[in-house]
Amino acid sequence: MRFEKGLQQIGNGNYAYLQPSGTWGYNNAGLIIDGDQALLVDTLFDERLTAEMLAVMKDATGFGAGEIGQLVNTHANGDHTFGNRLLTEARIIASAATDHEMKEDAPPEMLAALMGQTSQMGPLGVYLEEIFGAFDFAGVKLRLPDETFAGGARTLKVGDKTVELIVVGPAHTGGDTLVHVPEDRILYTGDILFIDGTPISWSGPVRNWIAACDRMLAMDVDLIVPGHGPMTDKRGVQANRDYLAFVETEAKRRHAAGMDSWEAAQDISLGAFGALEDPERIAVTVDTIYRELNGDTSARDVMEMFGRMATLDRRYRAEGLGKPRVPPPPPATAHTNCDHAH
């Protein structure tokens with residue numbers, strides 16, 4: 001399937017908005033339309049990018065910031081929520097755990113302040129500029145959900161179309177939610193799925209994430225829009241699962257051998273997984289596994305995690321692992337169909 005920036009129609013009123021290459025901050029979003037109603041799946045990492053996306057959607061479908069009636073946030077991370085405020089007429093819906101995390105996570109104001117200090121932060125600052133420097137957090141005000149739901153599922157209607165919200169977190173974050181359009185056999189996954197990029201588990205347990213992959217593999221779906229990377233089918237889900245199972249096995253082996261989480265992350269040989277984008281994220285996932293094994297519920301030093309990733313990023317690039325980070329793609333365009341070719 002094409003992996004170009006912009007809006008792609010994927011069948012029967014379903015659309016995917018894609019942002020290559022899918023690296024840090026460049027997430028995908030979805031649009032579900034039936035009759036005179038529309039639901040948006042996630043916003044983007046800043047208001048400039050979100051406004052561009054909404055303008056493309058308006059031009060292609062007639063549904064833009066003022067016409068979309070529902071917005072589902074699949075999880076709390078800023079690259080899926082920081083554009084919420086632009087949806088002026090939408091009711092925002094999220095799992096209770098996502099709502100909680102949105103109130104607790106680093107707000108856009110904090111990220112804006114952090115990025116203003118990168119020149120004083122040495123190699124960590126260089127890394128932060130590489131992964132977040134293209135985004136504009138200044139002036140972004142996070143809009144929280146209007147409606148939350150507890151438990152494992154919620155059913156919505158978009159016109160006559162049924163949309164199922166299925167909570168599979170905690171995994172990547174605390175409240176990861178799948179958006180399933182059963183009659184069209186389409187699934188929007190949020191960051192429970194990374195394609196051609198390295199999954200990162202901030203919350204865990206990783207075993208829950210593997211179970212979520214098993215659940216997706218058992219679903220009656222043909223086309224899957226991941227949180228990052230190109231559209232896929234169940235082969236992409238299996239690849240995601242394979243990576244997570246590999247890291248869990250390797251981390252547990254080193255934990256049993258007495259290594260700490262940072263020693264373990266540096267010691268694991270990635271093999272074929274080293275070809276994925278952003279392989280340095282293994283540092284966080286290994287630490288998450290260790291925290292579970294150790295029963296550690298203390299507050300995590302997020303900046304220490306980014307420091308570890310910055311160190312691994314330099315090493316992996318010297319070893320030729322990962323993929324080069326490229327400048328942002330040109331402005332988005334709309335596509336009226338998807339050829340579904342793999």
Side-chain angles (χ1 to χ4, degrees), residues 24 74-78 95-106 110 114 121 123-124 127-128 131 150 152 167-177 190-194 197-215 227 240-271 273-274 276 278-316 321-322:
W24 290 99
T74 60
H75 63 291
N77 286 172
S95 70
T98 291
D99 178 64
H100 174 76
E101 284 196 331
M102 286 173 70
K103 294 170 181 172
E104 299 294 325
D105 281 1
M110 185 180 295
L114 175 68
M121 298 169 68
L124 172 57
Y127 179 68
L128 291 173
I131 64 175
V167 179
V168 293
H172 167 66
T173 64
D176 303 299
T177 301
D191 283 3
I192 211 69
L193 195 59
F194 290 77
T198 302
I200 180 170
S201 180
W202 287 104
S203 175
V206 169
R207 179 55 45 185
N208 277 7
W209 199 338
I210 293 171
C213 290
D214 290 336
R215 183 167 185 170
N240 208 88
R241 188 194 191 283
D242 290 346
Y243 174 83
L244 294 166
F246 164 78
V247 175
E248 183 182 53
T249 297
E250 295 299 314
K252 285 183 173 179
R253 183 176 298 153
R254 285 159 179 78
H255 183 272
M259 291 185 186
D260 66 28
S261 67
W262 181 217
E263 290 170 334
Q266 295 173 90
D267 188 61
I268 294 172
S269 178
L270 292 173
F273 296 116
L276 295 174
D278 307 314
E280 72 276 7
R281 291 172 176 169
I282 193 173
V284 174
T285 301
V286 168
D287 190 67
T288 296
I289 294 167
Y290 265 68
R291 287 170 65 85
E292 181 189 357
L293 293 171
N294 295 336
D296 183 358
T297 58
S298 64
R300 175 184 249 158
D301 187 337
V302 173
M303 293 311 297
E304 180 184 352
M305 292 297 103
F306 276 103
R308 292 183 185 185
M309 287 190 284
T311 298
L312 278 184
D313 179 64
R314 292 193 300 275
R315 175 185 138 189
Y316 288 158
L321 300 182

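E304 places none of its side-chain heavy atoms less than 4.5 Å from the side chain of L124. Annotation: side chain of L312 is not in contact with side chain of R281 (no heavy-atom distance under 4.5 Å). A heavy-atom distance below 4.5 Å is found between the side chains of F246 and I268. Contact annotation: the side chain of W209 never approaches that of D176 to less than 4.5 Å [non-hydrogen atoms, C-beta and beyond]. Annotation: side chain of Q266 is in contact with side chain of R315 (closest heavy-atom distance under 4.5 Å). Between L270 and Y316 the shortest side-chain heavy-atom distance falls below 4.5 Å.
Annotation: side chain to side chain donor-acceptor pair (under 3.5 Å) contacts of R254 (sequence neighbours excluded): E250, D267. Applying the side chain to side chain donor-acceptor pair (under 3.5 Å) test to D301 and every residue at least two apart in sequence or in another chain returns nothing. Applying the salt bridge (Lys or Arg N to Asp or Glu O under 4.0 Å) test to E292 and every residue at least two apart in sequence or in another chain returns nothing. Under the rule for a side chain to side chain donor-acceptor pair (under 3.5 Å), the partners of N77 that lie at least two apart in sequence or sit in another chain are H172. Contacts of D99 classified as side chain to side chain donor-acceptor pair (under 3.5 Å), with partners at least two apart in sequence or in another chain: K103. In this structure, E263 has no salt bridge (Lys or Arg N to Asp or Glu O under 4.0 Å) partners at least two apart in sequence or on a different chain. Partners of R314 according to the salt bridge (Lys or Arg N to Asp or Glu O under 4.0 Å) rule, which considers only residues two or more places apart in sequence or in another chain, do not exist here. Residues passing the salt bridge (Lys or Arg N to Asp or Glu O under 4.0 Å) test with D214, sequence neighbours excluded: R241. A search for ring-ring contact (aromatic ring centres under 6.0 Å, His included) contacts involving Y290 returns H255, not counting sequence neighbours. Judged as a side chain to side chain contact (heavy atoms under 4.5 Å, CB included), and not counting sequence neighbours, the contacts of A106 are M110. Residues meeting the side chain to side chain contact (heavy atoms under 4.5 Å, CB included) test with V167, sequence neighbours left out: S95, F149, T177.
Taking every heavy atom of both residues into account, G175 and A97 meet most closely at CA-CB, 3.7 Å. Considering all non-hydrogen atoms of both residues, A283 and A265 come closest at CA-CB, 3.9 Å.
With rounding to the nearest 0.5 angstrom, the CE atom of M121 is 5.0 Å from the CG atom of L114. Between atom CD of residue E280 and atom CE of residue M305 there is a gap of 13.5 Å, rounded to the nearest 0.5 Å. To the nearest 0.5 Å, atom CD1 of residue I210 and atom CG of residue L244 are 5.5 Å apart.
Side-chain atoms of T311 come within 3.5 Å of backbone atoms of G307 as a donor-acceptor pair (strictly under, hydrogens ignored). Side chain of E101 to main chain of G174: a donor-acceptor pair is present (N/O by atom type, distance under 3.5 Å, no hydrogens or angles).
Residue pairs satisfying the side-chain hydrogen bond (donor to acceptor under 3.5 Å, both in side chains) criterion with at least one member in residues 198-208, sequence neighbours excluded, are listed as follows: R207-E248.
By the 30° and 60° cut-offs, the orientation of the rings of F273 relative to Y243 is perpendicular. In this pair, Y127 and W24 present their aromatic rings perpendicular. The plane angle is above 60°, beyond the 30 to 60° band.
Considering D287, D313, D260 as possible partners of R308, the one that fulfils the salt bridge (Lys or Arg N to Asp or Glu O under 4.0 Å) test is D287.
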**Item:** Residue pair V286, V247: steps toward the side-chain contact (heavy atoms from CB on, under 4.5 Å) verdict
**Value:** CA-CA 7 Å; V286 168; V247 175; 3.9 Å; yes

**Prompt:** Where do R291 and S298 land on the side-chain contact (heavy atoms from CB on, under 4.5 Å) test, with the steps shown first?
**Reply:** CA-CA 9 Å; R291 287 170 65 85; S298 64; 3.9 Å; yes

**Full working for side-chain contact (heavy atoms from CB on, under 4.5 Å) between I200 and F194** = CA-CA 9 Å; I200 180 170; F194 290 77; 4.2 Å; yes

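There is a side-chain donor-acceptor pair under 3.5 Å between H75 and D191. Judged by distance alone, the side chains of T288 and R300 do bring a donor and an acceptor atom under 3.5 Å apart.
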